[in-house]
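The structure displayed is predicted, hence computed values, not measured ones.
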Amino acid sequence: MEQMDIKGWKPQLVLLHSNDVHSRLEEAARISSCVADKRRLYGESRVLYVDIGDHLDRMRQETEGTGGSVNIALLSEAGCEAAIPGNNEGLTFTKDELARLYGREARFPVLCCNMLDAETGELPEWLLPSTVIVKNGLRIALIGATAAYPAFYELLGWTVNDPTEAVREQVALLRDAADAVILLSHLGLPTDRRLAENIPGIDIILGGHTHHLLEEPELVGDTLLCGAGKFGERLGRVELAIEEATGRLLKRGSLLPLASWPMGDGAESLLREHGEAARRELSRPVAKLSRALPLDEERESPLANLLAAGVKEWTGADIGIVNAGQLLGSLPVGEISEGLLHSLCPSPINPCRMKLRGSLIREALEQSLLPEFIGKELRGFGFRGTILGTLAVDGLRIEWDPQREPGRKIIAIEYQGAELDDGLDYSVGTLDMFTFGAGYLPLKEGTDIQYFLPEFIRQVLAVELNKPHALESCFIPRYGMSKTPVE
């Protein structure tokens with residue numbers, strides 16, 4: 001059945017869905033207004049609103065300063081009736097923080113069938129694998145599933161598995177008791193397609209994670225795949241009804257643009273209230289500087305050097321390598337507040353340590369001297385800056401000639417008083433996003449990778465800001481320009 005092959009039928013239920021809002025809180029307030037409008041139009045019993053994860057993003061100061069409470073309050077204000085945790089919730093908040101947000105503050109059930117407490121092997125008490133909601137006579141079974149990042153989740157006390165078998169089990173349990181089985185999937189469109197092909201009995205998959213925007217839903221077998229893009233720019237809408245003559249489920253999907261919607265009064269009030277609370281929380285000082293720390297994304301600078309040194313120390317590595325684009329500005333003389341540090345380093349990125357071959361270090365550093373890498377725009381992977389920026393280092397001394405051809409600009413790399421050996425492995429402290437293949441690809445080739453969670457790199461930087469020796473040494477150049485001798 002194609003989603004629109006029967007003309008003229010009226011919906012028994014309007015299902016509204018959001019995903020990957022990423023703390024665009026004004027858009028969340030518009031979603032609240034739109035949902036309220038549809039409930040006035042159709043009636044409470046004929047509208048169901050759900051969220052598909054990554055609503056929370058700690059790059060936003062209101063989210064950071066309230067520990068995510070502003071997002072949960074906005075979802076509750078919108079009358080959200082079920083939500084799932086995305087990787088931005090699961091990987092940037094601790095177990096205790098999630099228990100507070102979802103177990104005590106949320107006024108809606110939280111669903112995920114493939115996220116287990118590593119200690120008990122069971123779902124935590126605030127998490128359900130699925131739920132059945134009855135609306136206007138329709139029994140709607142909702143199943144939640146989130147993307148698996150085992151190496152990261154393990155460090156936070158979770159076991160998050162491939163969702164296939166967990167989803168299959170829930171479908172088998174619910175299929176006969178429901179008029180519609182709907183998967184709330186923070187898994188990404190390729191996985192949604194695979195599940196639709198391999199698990200019979202799923203009527204609709206409401207998707208997120210890959211920010212896919214499906215103006216017209218895809219039909220895979222009998223499963224309707226939907227996706228509303230990102231950042232709350234659109235609200236997904238699915239209409240459902242039971243055909244009287246056959247008893248089969250009728251379904252069709254569309255998208256509602258939200259740019260012209262006003263923010264709801266209640267949501268606006270919540271934004272003001274939580275915004276003030278966040279500003280108070282983030283006004284706490286983390287350091288006091290007697291000397292400004294300049295940043296330059298295109299060339300070596302003290303603040304980027306300080307971050308490289310901090311990551312090296314934090315991870316216990318011998319070399320530190322970070323990209324300058326993680327930092328969005330310089331730090332001034334005077335008191336440095338949590339809010340200022342957050343505004344200049346908003347990315348929810350974690351340090352990691354790896355073994356990296358000398359030839360790969362050299363290749364990455366060569367790339368970092370080229371404008372096409374320095375100015376490369378980057379999206380995703382936890383990165384919340386704009387451009388990649390050059391590489392800042394600690395533990396190395398690099399001599400280079402800007403007149404030499406690309407890929408051969410480096411004359412020498414000194415490590416502990418000797419030339420870096422291209423054939424040896426070195427212990428490198430760097431950033432988790434590089435292991436995903438973001439930016440400088442040679443850094444993806446590391447082995448024996450160890451991630452450090454839950455701390456973000458801004459917390460690493462806060463520690464370094466209180467080390468007098470580190471504040472002095474970050475001004476010592478790691479890069480030196482010289483001319484290649486004429487042969």
With sequence neighbours excluded, tell me which residues meet salt bridge (Lys or Arg N to Asp or Glu O under 4.0 Å) with [X].
{"X": "R299", "result": "D296"}
{"X": "E268", "result": "none"}
{"X": "E154", "result": "none"}
{"X": "K288", "result": "none"}

Can you tell me how far apart [atom1] ([X]) and [atom2] ([Y]) are? Round to the nearest 0.5 Å.
{"X": "L303", "Y": "L327", "atom1": "CG", "atom2": "CG", "answer": "4.5 Å"}
{"X": "E464", "Y": "H469", "atom1": "CD", "atom2": "NE2", "answer": "9.5 Å"}
{"X": "D192", "Y": "T210", "atom1": "CG", "atom2": "OG1", "answer": "7.0 Å"}

Judged by atom type as modelled, is there a donor-acceptor pair below 3.5 Å linking the side chain of [X] to the main-chain atoms of [Y]?
{"X": "Y426", "Y": "D421", "value": "yes"}
{"X": "N161", "Y": "P163", "value": "no"}
{"X": "T390", "Y": "S368", "value": "yes"}
{"X": "N19", "Y": "G229", "value": "yes"}
{"X": "T66", "Y": "A278", "value": "no"}
{"X": "S347", "Y": "Q326", "value": "no"}
{"X": "R234", "Y": "E215", "value": "no"}
{"X": "T223", "Y": "I202", "value": "yes"}
{"X": "S33", "Y": "M263", "value": "no"}

Practice problem: Check the pair V333, L289 against side-chain contact (heavy atoms from CB on, under 4.5 Å), reporting the backbone distance first and the verdict last. | Solution: CA-CA 5 Å; V333 171; L289 298 179; 5.5 Å; no
Self-check item: Criterion side-chain contact (heavy atoms from CB on, under 4.5 Å) on F231 and E27, from CA distance to verdict
Solution: CA-CA 7 Å; F231 302 158; E27 280 64 38; 5.8 Å; no
Quiz prompt | Pairs touching residues 304-316 that satisfy side-chain hydrogen bond (donor to acceptor under 3.5 Å, both in side chains), sequence neighbours left out | solution =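 Checked against side-chain hydrogen bond (donor to acceptor under 3.5 Å, both in side chains) - neighbours excluded - the pairs reaching residues 304-316 are E300-N305, K312-D394.
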Quiz prompt | Other residues, nucleotides, ligands: >12 heavy atoms within 6.0 Å of E26 CD | solution =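 More than 12 within 6.0 Å, yes.
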Exercise. Please indicate whether R408 has more than 12 foreign heavy atoms, meaning atoms of other residues, nucleotides or ligands, lying under 6.0 Å from its CZ.
Key: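 No, the 6.0 Å shell around CZ holds no more than 12 heavy atoms from other groups.
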Non-hydrogen atoms of [X] and [Y] that approach each other most closely:
{"X": "L293", "Y": "C474", "value": "CD2-SG, 3.8 Å"}
{"X": "T430", "Y": "I321", "value": "OG1-O, 2.8 Å"}
{"X": "V21", "Y": "S18", "value": "CG2-CB, 4.4 Å"}
{"X": "R60", "Y": "E62", "value": "NE-OE1, 2.7 Å"}
{"X": "L184", "Y": "I84", "value": "O-CD1, 3.3 Å"}
{"X": "G208", "Y": "D20", "value": "CA-OD2, 3.4 Å"}

Show me, pair by pair, the donor-acceptor contacts under 3.5 angstrom made by side chains of residues 85-94, not counting sequence neighbours?
from: N87; atom 1: OD1; to: H186; atom 2: NE2; distance (Å): 3.0
from: N87; atom 1: OD1; to: H209; atom 2: ND1; distance (Å): 3.0
from: N88; atom 1: OD1; to: R384; atom 2: NH2; distance (Å): 3.4
from: N88; atom 1: ND2; to: D54; atom 2: OD2; distance (Å): 3.3
from: E89; atom 1: OE1; to: D54; atom 2: N; distance (Å): 2.9
from: E89; atom 1: OE1; to: G86; atom 2: N; distance (Å): 2.7
from: E89; atom 1: OE2; to: D54; atom 2: N; distance (Å): 3.2
from: E89; atom 1: OE2; to: H55; atom 2: N; distance (Å): 2.8
from: E89; atom 1: OE2; to: L56; atom 2: N; distance (Å): 3.0
from: T92; atom 1: OG1; to: N88; atom 2: O; distance (Å): 2.3
from: T94; atom 1: OG1; to: E97; atom 2: N; distance (Å): 3.2
from: T94; atom 1: OG1; to: E97; atom 2: OE1; distance (Å): 3.4

Self-check item: With sequence neighbours excluded, residues passing side chain to side chain donor-acceptor pair (under 3.5 Å) with E366
Solution: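 Testing E366 for side chain to side chain donor-acceptor pair (under 3.5 Å), a comparison that skips the adjacent residues, returns none.
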Between [Y] and [X], is there a side-chain heavy-atom distance shorter than 4.5 Å?
{"X": "M481", "Y": "W400", "answer": "yes"}
{"X": "L74", "Y": "S32", "answer": "no"}
{"X": "I457", "Y": "C345", "answer": "yes"}
{"X": "H212", "Y": "L225", "answer": "no"}
{"X": "I205", "Y": "V220", "answer": "no"}

Which pairs would a plain distance check flag for residues 369-383, meaning a side-chain donor or acceptor within less than 3.5 Å of a matching protein atom at least two apart in sequence or in another chain?
none

Practice problem: Before accepting this row, confirm whether a basic side-chain N of the pair E233/K230 lies closer than 4.0 Å to the acidic partner's carboxylate O. | Solution: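 The answer is no: the pair does not qualify as a salt bridge.
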Quiz item: Is the shortest distance from a Lys or Arg side-chain nitrogen in D401 or K409 to a carboxylate oxygen in the other one below 4.0 Å?
Solution: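 Salt bridge between D401 and K409, a charged N being under 4.0 Å from a carboxylate O: no.
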So, [X] and [Y]: side-chain donor and acceptor under 3.5 Å apart, yes or no?
{"X": "R58", "Y": "S23", "value": "no"}
{"X": "Q61", "Y": "S343", "value": "no"}
{"X": "D57", "Y": "T63", "value": "no"}

Self-check item: Candidate pair S69 and R100, rule side chain to side chain donor-acceptor pair (under 3.5 Å), full reasoning
Solution: CA-CA 9 Å; S69 293; R100 169 180 57 81; 3.1 Å; yes
Self-check item: Qualifying residues under side-chain contact (heavy atoms from CB on, under 4.5 Å), relative to N466, sequence neighbours excluded
Solution: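 N466: side-chain contact (heavy atoms from CB on, under 4.5 Å) contacts with A287.
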Practice problem: Please list, chain by chain and in numerical order, all residues satisfying side-chain contact (heavy atoms from CB on, under 4.5 Å) with A412, sequence neighbours excluded. | Solution: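 Counting only residues at least two positions away or on another chain, A412 forms a side-chain contact (heavy atoms from CB on, under 4.5 Å) with E399, E419.
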Practice problem: For the pair E197 and R194, evaluate salt bridge (charged side-chain N to carboxylate O under 4.0 Å, His left out) and give the outcome as yes or no after the intermediate values. | Solution: CA-CA 5 Å; E197 290 170 354; R194 176 171 59 82; over 6 Å; no
Self-check item: CA sep, side-chain torsions, deciding dist, call: Y479, I398, side-chain contact (heavy atoms from CB on, under 4.5 Å)
Solution: CA-CA 5 Å; Y479 287 83; I398 301 146; 3.6 Å; yes
Practice problem: Sequence neighbours left out, what pairs pass salt bridge (Lys or Arg N to Asp or Glu O under 4.0 Å) with at least one residue falling in residues 434-448? | Solution: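 Qualifying pairs: K355-D448.
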Quiz item: Do the ring planes of Y149 and Y153 sit parallel (below 30°), tilted (30 to 60°) or perpendicular (above 60°)?
Solution: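 Rings of Y149 and Y153: tilted, as their planes differ by 30° to 60°.
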Quiz item: Does any pair with a residue in residues 332-361 pass ring pair (Phe, Tyr, Trp, His ring centres under 6.0 Å), and if so which ones, sequence neighbours excluded?
Solution: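 Qualifying pairs, neighbours excluded: none.
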Practice problem: For L396 and I361, run side-chain contact (heavy atoms from CB on, under 4.5 Å): C-alpha distance rounded to whole Å, both residues' side-chain angles, the deciding distance at 0.1 Å, then the answer. | Solution: CA-CA 10 Å; L396 297 175; I361 295 173; 4.2 Å; yes
Exercise. Let me know which of R279, R280, R458, R284 forms a salt bridge (charged side-chain N to carboxylate O under 4.0 Å, His left out) with E338.
Key: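 That would be R284; it is the only one of R279, R280, R458, R284 passing the salt bridge (charged side-chain N to carboxylate O under 4.0 Å, His left out) with E338.
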